[in-house]
Amino acid sequence: MTEREVRVRFAPSPTGPLHIGGVRTALYNYLLARKLGGKMLLRIEDTDQNRFVPGAENYILEALAWCGIVIDEGVGTGGPHAPYRQSERKPMYKQYADQLIASGHAYYAFDTPEELDAMRARLQAAKVPNPQYNSITRAQMRNSLTLPEDEVKQLLDSGAQYVIRLKVPRKEEVRFQDLIRGWVVVHSSAIDDKVLMKSDGMPTYHLANIVDDHLMEISHVIRGEEWLPSAPLHVLLYRYLGWESTMPQFAHLPLLLKPDGTGKLSKRDGDKLGFPVFPLEWHGIDGETGEPTVSRGYREDGYLPEAFINFLAFLGWNPGSQQEIFSMDELIASFSIERVSKSPARFDQNKVKWYNEHYLRAKSDAELAPYLLTALAEHGIACDQAKAERIVSVMKERVSFPKDFWQEAKYFFQAPDSYDEQVVSKKWNPQVAAALTAYAEALAGTAESTAEGLKALFNQTVEAQGMKPGQVLQTLRVAVTGGAAGPDLFETLAILGTAEVAARLQTAVKTLG
RNA sequence: GGUCCGUUCGUCUAGGGGUUAGGACAGUAGAUUUUCAUUCUACCAACAGGGGUUCGAUUCCCCUACGGACUACCA
C-alpha cells in the first residue's frame with residue numbers, strides 16, 4: 001500500500017465556474033502529484049443532471065490550463081480508465097450497489113419524497129434533534145428491510161421507483177487518519193443511511209466517488225473540509241466493498257473564507273465581494289431573473305497566472321522558510337501535505353495585488369510590450385515593438401496590472417487635453433511660459449535625442465532665461481503630459497521625440513497663456 | 001439543535017515547555033527621487049478566556065467562549 005503509485009484526482013462537478021477554493025484544491029493535488037512523481041487526474045462529477053451547467057466543463061479545463069495545472073489523465077486528456085465523466089460511467093455503478101445489497105450492507109427503499117418529508121416532520125414534532133433516515137427510523141419506512149420479501153420483489157419487478165441506501169450500523173466508531181488533521185473519529189449514529197443509487201439510476205456522489213477512486217487507483221484524496229463529515233461514510237463504503245486495504249489516504253483542506261471571515265467563499269459570491277472569486281471571467285445566467293450575468297475573473301482583471309498561483313498556494317500552506325516567491329516548479333519542490341494548515345484562511349486582496357506587482361516587474365520589457373500593443377491596437381494607434389518596450393520599461397514600476405499600461409501611458413500617444421490644475425495655479429507664470437517657449441525653440445534646432453542630452457539642453461536654456469531648472473520642471477511635465485506625476489521626465493521626452501515635445505509646449509503656452 | 005473541525009499581529013503565517021514570539025502584506029514615519037511610483041530603513045501590531053500538568057506554559061491536557069463545515073434521491 002505504501003509502495004503504491006501516487007495518483008490524485010481533482011473531481012469538480014460542472015455546476016458552474018470553478019471558484020478559487022476549487023482552484024486551490026486542484027493546485028494542491030497537482031503539487032503533491034508532481035512532488036511525488038505521480039499522476040494528476042481530472043474527473044467530472046456530473047451525477048446530478050439537474051444541476052448541469054453548459055460550458056462549465058470547458059471553463060474548468062480552461063481555468064486549469066491558465067493556471068498551469070497540467071492534467072495527466074482524465075477529461076480532455078483521456079487515459080486508461082476512460083471515461084472520466086461520471087455520467088458516462090453510469091452503467092458501472094449499479095453492480096457495486098447490488099454487491100452491497102447482496103452482502104447485506106445496503107437495501108432498497110421505496111419511500112416517496114412526501115413520505116420522507118412526513119417522516120422528518122414527525123421526528124421534528126417529537127423533538128428529535130437530528131431527523132435522519134437511520135438504524136432507528138428505517139424500521140418505520142418502506143424498504144426491503146421492513147417489507148416482506150415477495151412484496152419487495154414485486155415492487156422491483158413492477159418498475160416502482162426506488163433508491164438504494166447504505167445500511168449504516170447503529171453503533172460503531174468509525175475512524176480514519178487524515179493527513180492534515182490526524183485521527184478523526186465519528187460515531188456511526190451520526191451518519192444516516194445515505195442514498196447510494198438515486199431513483200433515476202444515477203449513483204450519488206458518495207457511491208460514485210468511492211467506486212471511481214477505487215477503479216482509478218487513487219492513492220490520495222485531497223479535498224475541501226466540507227467533505228470531512230462524510231468521510232467516515234466513505235470509509236464504511238470502502239470497508240463494505242472489500243477495498244479497505246487499498247483505501248486512499250485522506251487530506252481535508254481548510255476552507256477559504258470570505259474576507260470578513262463569515263463563511264466559506266462560494267460561487268454565489270460572484271462579484272459581490274469587490275474582487276473576483278473566479279479564475280476566469282464567467283458568463284452565466286441569473287437563476288432567478290434569467291438575465292445573463294458576467295462575473296469577473298482574475299485573468300481578465302489583469303492578474304498574471306504565476307502571481308495568482310503563488311498567492312493561492314500560500315493560502316493554507318507555507319514552506320516553513322521565509323521565502324515568499326515561488327514559481328510552480330519551486331512550489332512542487334517544496335510542497336508537502338503535512339505543512340498544510342488546519343485552520344481556514346481569509347482571502348487577502350492586498351496580498352494578491354502585491355504578488356501581481358512583483359511578477360509584473362520581474363518580466364522583461366519584451367514580454368510586457370504586447371500588453372500595451374494590444375491595447376493600442378484596440379484604440380487604433382500604431383506603435384512598433386521597440387517603442388512599446390521603451391514605454392513599458394519606464395512604466396512597469398508604477399503599475400499593478402498589465403492593463404494599466406495603456407491608461408498610464410496614454411500621453412505617449414495623445415497630446416494632453418487638460419493640464420493638472422494644482423501645478424498650473426501654483427507654478428505657471430509668464431517667466432515659466434517664456435522659458436518653456438525658449439526650450440521648445442531649442443528643441444526644434446537640436447540633434448539631441450537622449451534623455452541626458454535633453455536634460456542638459458533644458459538646464460542650459462532655463463539658466464539662460466535667468467531661472468533655475470527646478471522652477472520650471474514641474475510645469476514642463478504638465479505641459480507635455482498634462483499630469484503632475486510620471487516616470488523620469490527626460491526619459492519621457494526622449495521617447496516622445498523633440499518635435500512632438502516642442503509642439504506640445506507651444507500648445508500649452510498658447511492655452512495657458 | 002446534533003456531529004465534526006478550528007482559534008498566534010488588521011490579514012497570510014513561522015515557532016513551540018524557558019524566544020526581545022520571527023517573516024510577508026497592509027498601515028505609519030523617514031531616506032532616495034525634479035514629481036508620483038519604485039527601492040531602502042524604521043515603527044506599529046498577536047499567542048481567545050479559565051482551569052490544570054510543570055520549577056516554568058503561547059506551546060501539553062480539560063472546560064468555556066467564539067468561528068466554521070456538515071446535517072438532500074447536491075456535489
Side-chain angles (χ1 to χ4, degrees), chain A residues 11-15 45-48 50-51 86 109 111-113 116-117 120 124 127-133 161-165 178 180-181 184-187 189-192 194-206 208-209 223-232 252 254-255 257 259 261-264 311 314-325 339 341-355 357-358 361 394-400 408 420 423 455 458 468-474 476-478 481 483-490:
Chain A
S13 59
T15 56
E45 311 226 321
D46 55 350
T47 51
D48 186 353
N50 300 317
R51 294 210 307 159
Q86 289 183 329
D111 316 280
T112 63
L116 290 172
D117 286 345
R120 291 189 190 104
Q124 227 132 43
K127 297 270 196 292
V128 173
N130 194 21
Q132 54 180 19
Y133 205 119
Q161 294 254 301
Y162 68 90
V163 299
I164 295 177
R165 283 181 183 272
D178 187 278
I180 295 170
R181 290 153 211 282
V184 175
V185 185
V186 177
H187 197 88
S189 62
I191 307 170
D192 62 352
K194 282 277 181 299
V195 170
L196 266 19
M197 292 293 287
K198 301 187 266 190
S199 57
D200 64 0
M202 274 289 195
T204 58
Y205 167 83
H206 300 295
N209 113 82
R223 63 214 330 181
E225 192 189 323
E226 66 266 32
W227 293 111
L228 197 50
S230 56
H252 290 91
L255 262 16
L257 266 26
T262 60
K264 68 171 177 176
F311 166 74
F314 269 67
L315 232 41
W317 171 86
N318 78 86
S321 69
Q322 306 216 131
Q323 183 182 347
E324 304 268 342
I325 302 299
R339 292 200 65 87
S341 56
K342 298 188 197 23
S343 46
R346 301 183 199 195
F347 192 83
D348 182 357
Q349 295 177 68
N350 284 324
K351 199 84 175 252
V352 223
K353 193 176 163 201
W354 174 78
Y355 270 113
E357 288 165 348
H358 175 88
R361 279 158 207 161
V394 299
M395 280 301 176
K396 69 179 170 191
E397 297 290 300
R398 38 204 325 117
V399 300
S400 298
E408 293 294 311
D420 186 277
V423 174
K455 183 174 187 176
F458 176 76
K468 286 184 181 145
Q471 293 175 274
V472 196
L473 233 20
Q474 267 294 72
L476 172 60
R477 178 185 295 282
V478 171
T481 70
D488 184 86
L489 222 202
F490 293 99

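Values below: all heavy atoms of this structure, side chains included; hydrogens, waters and symmetry mates excluded. From a predicted model like this one, the values you see are computed outputs, not experimental measurements. Each chain gets a letter, A, B and so on, in the order the sequences are listed, and its residues count up from 1.
- For the P atoms, the distance from B:G1 to B:A24 is 42 Å, rounded to whole Å.
- Within the nucleic acid shown, A:T15 has no heavy atom closer than 4.0 Å to any nucleic acid atom.
- In this pair, A:F490 and A:F458 present their aromatic rings tilted. The plane angle is within the 30 to 60° band.
- Around the NZ atom of A:K198, the shell of radius 6.0 Å holds more than 12 heavy atoms that belong to other residues, nucleotides or ligands.
- Checked against B:C70, B:U34, B:C4, the side chain of A:L489 finds its nearest nucleotide in B:U34.
- Here A:P232 lies out of heavy-atom contact (under 4.0 Å) with every strand.
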Atom pairs, N/O to N/O, protein against nucleotides 38-49 of chain B, distance under 3.5 Å?
unit_1: B:U38; atom_1: O2'; unit_2: A:E397; atom_2: OE1; d: 2.2

Just the table, please: protein N/O against nucleotides 19-22 of chain B N/O, every pair under 3.5 Å.
unit_1: B:G22; atom_1: O2'; unit_2: A:Q322; atom_2: OE1; d: 3.4

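- Base-pair partner of B:U32: not found among the strands shown (Watson-Crick or G-U wobble, both distances under 3.5 Å).
- Across all strands shown, B:C66 forms a Watson-Crick or G-U wobble pair, both distances under 3.5 Å, with B:G6.
- Taking the charged nitrogens against the carboxylate oxygens, A:D48 and A:R51 do have a contact shorter than 4.0 Å, which makes a salt bridge.
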Using a 4.0 Å heavy-atom cut-off, write out nucleotides 9-14 of chain B from 5' to 3' as B (base contacted by protein), S (sugar-phosphate only) or - (no contact). --BBSS
